[in-house]
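Here's the structure, in structure tokens; my notes come after.
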Amino acid sequence: MSEWLVIVATFAGPVLAVQTQKWIERATERRRNRLQIFSALMANRATRMADEYVRALNLIELAFLPRGWSKSKDQAVINAWRSLLGDLSHPPASNDQAANATWNLRIDDRIIDLLAAMSGTLGYSFTQEELRRGTYRPQGIVEREQAQLEILHGLRQVLSGKAPLPMAVTQFPADPDLLKTQAEVARRAAASYDQETGALKVKQVAL
């Protein structure tokens with residue numbers, strides 16, 4: 001029996017070592033992917049129109065799929081993401097300022113809940129207050145995002161036929177010589193009529 005155990009251990013040892021190494025590599029890659037998503041969301045939480053931010057949101061379902069010892073914490077991340085996605089998918093009408101203000105505040109809360117859940121499963125200890133206040137957002141970025149939204153909204157209205165394309169001609173290009181000729185023609189045409197009666201002046205020419 002002892003000899004068989006030695007033989008089994010001799011062959012099983014390298015196999016177990018290889019499988020353990022693969023498990024470590026998978027776990028390391030999984031954590032790396034999660035950290036990349038979390039870092040992208042943290043870095044862009046004040047500029048939510050960034051492509052990197054949107055891409056990170058769409059990878060949450062894949063990277064934080066509940067499994068293993070952190071299953072409950074992973075599920076909390078998924079639940080927070082689905083709550084955020086539900087609100088993002090149902091924005092209010094663009095011309096309802098009060099509803100938009102309420103919706104934006106709700107989105108802020110959902111994002112903070114999501115980041116808090118992600119920080120928990122990754123081993124960080126960020127509080128919701130830290131996540132909410134620890135951002136820097138220059139006024140220029142705010143104005144740029146608002147301008148982009150207004151441009152996109154206006155373009156969508158025009159392309160969908162809901163709004164006309166405004167056009168205003170302020171000046172036509174003109175040739176100075178052509179303008180002079182047109183003025184001379186107009187002067188001669190005006191001289192062809194009697195100023196008092198408005199009758200057309202006719203000159204008879206003997207043949």
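The figures here come from the full heavy-atom set of this structure, side chains too, leaving out hydrogens, waters and symmetry mates.
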Is there a path of hydrophobic side-chain contacts, each under 4.5 Å between heavy atoms, that joins [X] and [Y]?
X     : Y      : value
Leu65 : Met118 : no
Leu35 : Leu59  : yes
Val77 : Leu88  : yes

Discussion item. Regarding Glu29 and Arg32, does a basic nitrogen lie under 4.0 Å from an acidic carboxylate oxygen?
Written reply: yes
Which residues pass the side-chain hydrogen bond (donor to acceptor under 3.5 Å, both in side chains) test with [X], not counting sequence neighbours?
X      : result
Asn79  : Gln75
Arg132 : Asp109
Asp108 : Arg48
Gln97  : none

Practice prompt. Verify, without hydrogens or angle tests, whether Thr121 (side chain) and Ala117 (backbone) share a donor-acceptor contact under 3.5 angstrom.
Written response: no
Fill in: Side-chain donor/acceptor of Ser89 to backbone N/O of Gly86, under 3.5 Å
no
Quick one: [atom1] on [X] to [atom2] on [Y], what's the gap to the nearest 0.5 Å?
X      : Y     : atom1 : atom2 : value
Asn33  : Thr28 : CG    : OG1   : 11.0 Å
Leu115 : Leu84 : CG    : CG    : 9.5 Å
Ile78  : Leu85 : CD1   : CG    : 11.0 Å
Leu122 : Lys73 : CG    : NZ    : 9.5 Å
Ile107 : Ser83 : CD1   : OG    : 10.5 Å

Practice prompt. Return each pair, listed once, that meets salt bridge (Lys or Arg N to Asp or Glu O under 4.0 Å) where at least one residue sits in residues 116-127; pairs must be two or more places apart or across chains.
Written response: none
Worksheet item: Does any pair with a residue in residues 78-89 pass salt bridge (Lys or Arg N to Asp or Glu O under 4.0 Å), and if so which ones, sequence neighbours excluded?
Response: Glu61-Arg82, Asp87-Arg106, Asp87-Arg110
Fill in: Check against side-chain contact (heavy atoms from CB on, under 4.5 Å), Leu114 and Ile60
CA-CA 10 Å; Leu114 173 62; Ile60 290 176; 3.7 Å; yes
Partner set under salt bridge (charged side-chain N to carboxylate O under 4.0 Å, His left out) for [X], not counting sequence neighbours:
X      : value
Glu129 : Arg133
Asp113 : none
Arg30  : Asp74

Worksheet item: With Ala99, which residues qualify under side chain to side chain contact (heavy atoms under 4.5 Å, CB included), at least two apart?
Response: Pro92, Asp96
Discussion item. Restricting to ring pair (Phe, Tyr, Trp, His ring centres under 6.0 Å), what partner residues turn up for Phe126, sequence neighbours left out?
Written reply: Tyr124
Worksheet item: Which pairs count as ring pair (Phe, Tyr, Trp, His ring centres under 6.0 Å) when at least one residue sits in residues 77-116, sequence neighbours excluded?
Response: none
Worksheet entry | Check against side-chain contact (heavy atoms from CB on, under 4.5 Å), Arg55 and Ile37 | CA-CA 8 Å; Arg55 181 177 180 274; Ile37 294 173; over 6 Å; no
